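What follows is one structure encoded as structure tokens, with my remarks underneath.
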Amino acid sequence: MLPTPSTDHVDFDKIYEPAEDSYLLLDTLSSESEKAFLHTHFGPSTPAPFVIEIGSGSGVVLSFIHAHSEIIFGRADILTAGVDVNLHACKATIQTVNVAENEQQSRGLTHGFYLGNISTDLGTALRPGNVDVLVFNPPYVPTPNLPPLLQDENLSSFDTDSHLLSLSYAGGEDGMEVTNRLLDALPEILDRTRGCAYILLCAQNKPEVVKEMIREWGEAWKAETVSRSGKVGGWEKLQIIRVWREFPPSAIQ
Amino acid sequence: MKVLTLNFLTCAVKACKSSSASFPLHPKDCELVSDTIKPDPRLIHNILPRVDWTALSTTALELGFPALPDQAPTKEQLEEDEKMMGELHTLLLETQINEGKLVCGNCGHEYAVKEGIANFLLPNHLV
């Protein structure tokens, strides 16, 4: 078991506290099947993979990938970055990454190269076609409404703890309103050949429907469930889907 | 945020997506800090193939760094040229933008960078 990055320094009144969903992501990314996929997909002589977490929150998932890149990817030279609408989460992520890096260094171990965190709405600020691995633990809880996103002028009311936390879990209709926005942009955000994404869904998000929709983007598009979790009898049955493109041998340039 | 981040960012305004002027964003009034990072030639060798060299050159010039060559050096060239390797190490790995603004060349919108975090959240009318 790879050590979980420490988040002791994080203020969980304002930032999503790592929970079952976060830990499912950690377990999945370090699982045998996903290590095998990532090792092959991003072989050591290929350009450094760019890994981004949308909604980095406390930074626990991004820091895990960042710290254990050698194990997860088979190479330490990965570029990592985080994105979050919550400025406090951006600050927390930076700290969590630093703590995890120092931990690795103190053990004489490697880690990735962290570019930083930006405060933004999903992938809107990203230059298209650059992301190799996108990780997203969305606000997936079905809610009657979506909390409004920050409008610059309204900084003080946006900054209330409850509003910030609601942005981390409230997913609107079927818990999919934010995820659908990300999915709409995903084909453009990802690298055209090797870009892939790990997205967490709960049962109420209707994962089978989501996967079918992704497959309809085109013949090359694949979407499979790579892990599941969920308390027996609990309502929050979770799973992680991997989204990627697979080209028939004749199409590879 | 590392200077290299600018190679991955663009203006968030929808209308700017179709304009090539929205990348790279232009640093303005930036306060830079330098981390001390161990030499890592392999990282540099593997970053270069995925960098938009023209954009990186623009960014380097705008931040007051020495001009970069017209084309990205090959691995072999870098192995011979310690000075260039050192410059790339400083520019790509060590330099961070701590405070300042990032300006879109298309619409002129200025994104603020504070404590190393760039704020790309847009006011209502620009979304």
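Chain letters run A, B, ... following the sequence lines, proteins first and then strands; every chain starts at 1. Note that this is a predicted model, so its numbers are computed, not measured.
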Taking atom [atom1] of [X] as the centre, report whether more than 12 heavy atoms of other residues, nucleotides or ligands fall under 6.0 Å from it.
X	atom1	value
A:E173	CD	no
A:E188	CD	no
B:Q71	CD	no
B:D70	CG	no

Minimum heavy-atom distance between A:P47 and B:P49, given as atom pair plus value: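 Reported closest heavy-atom pair: CG-CB, 3.9 Å.
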Do you know which two heavy atoms are closest between A:A76 and B:R42, and how far apart they sit?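 Looks like N-NH2, 3.6 Å.
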Check the pair A:L126, B:T10 against side-chain contact (heavy atoms from CB on, under 4.5 Å), reporting the backbone distance first and the verdict last. CA-CA 6 Å; A:L126 297 177; B:T10 180; 5.9 Å; no
For B:K17 and A:T124, indicate whether the former's side chain and the latter's backbone hold a donor-acceptor pair under 3.5 Å.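 Indeed, once roles are kept as given, a pair shorter than 3.5 Å links the two residues.
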How many angstroms lie between atom CG of A:D77 and atom CG of B:N46, to the nearest 0.5 angstrom?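 Going from CG on A:D77 over to CG on B:N46, the span is 4.5 Å.
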Can you tell me how far apart CG (B:L122) and OG1 (A:T120) are? Round to the nearest 0.5 Å.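 B:L122 atom CG to A:T120 atom OG1 measures 7.0 Å (nearest 0.5 Å).
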Tell me, for B:L102 versus chain A, whether the close heavy atoms (under 4.5 Å) come from the side chain, the backbone, both or neither.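 Interface part for B:L102: neither.
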One pair to check against side-chain contact (heavy atoms from CB on, under 4.5 Å): A:K91 and B:I117. What are the steps and the verdict? CA-CA 8 Å; A:K91 291 182 184 168; B:I117 300 167; 3.5 Å; yes
Name the region of [X], side chain, backbone, both or neither, that has any atom closer than 4.5 Å to a heavy atom of chain B.
X	value
A:F50	both
A:N130	both
A:I94	side chain
A:D84	neither

State, with a plain yes or no, whether a side-chain heavy atom of A:F113 is found less than 4.5 Å away from one of B:K2.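 Yes. Closest side-chain heavy atoms under 4.5 Å.
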Within a strict 4.5 Å, meaning less than it, do heavy atoms of the A:L87 and B:K114 side chains meet?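 Heavy-atom side-chain distance check fails, nothing below 4.5 Å.
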Go through [options] and name the one with the most non-hydrogen pairs under 4.5 angstrom from chain A.
options	answer
B:L43, B:L9, B:V3	B:L9
B:L93, B:I37, B:I47, B:V13	B:L93
B:L25, B:N7, B:L48	B:N7

Are B:D52 and A:R127 close enough for a salt bridge, meaning some N to O gap below 4.0 Å?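 Yes.
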Chi angles and distances behind the side-chain contact (heavy atoms from CB on, under 4.5 Å) call for B:M1, A:N117: CA-CA 7 Å; B:M1 56 181 265; A:N117 247 61; over 6 Å; no
For A:L79 and B:F8, run side-chain contact (heavy atoms from CB on, under 4.5 Å): C-alpha distance rounded to whole Å, both residues' side-chain angles, the deciding distance at 0.1 Å, then the answer. CA-CA 11 Å; A:L79 304 177; B:F8 295 94; 3.8 Å; yes
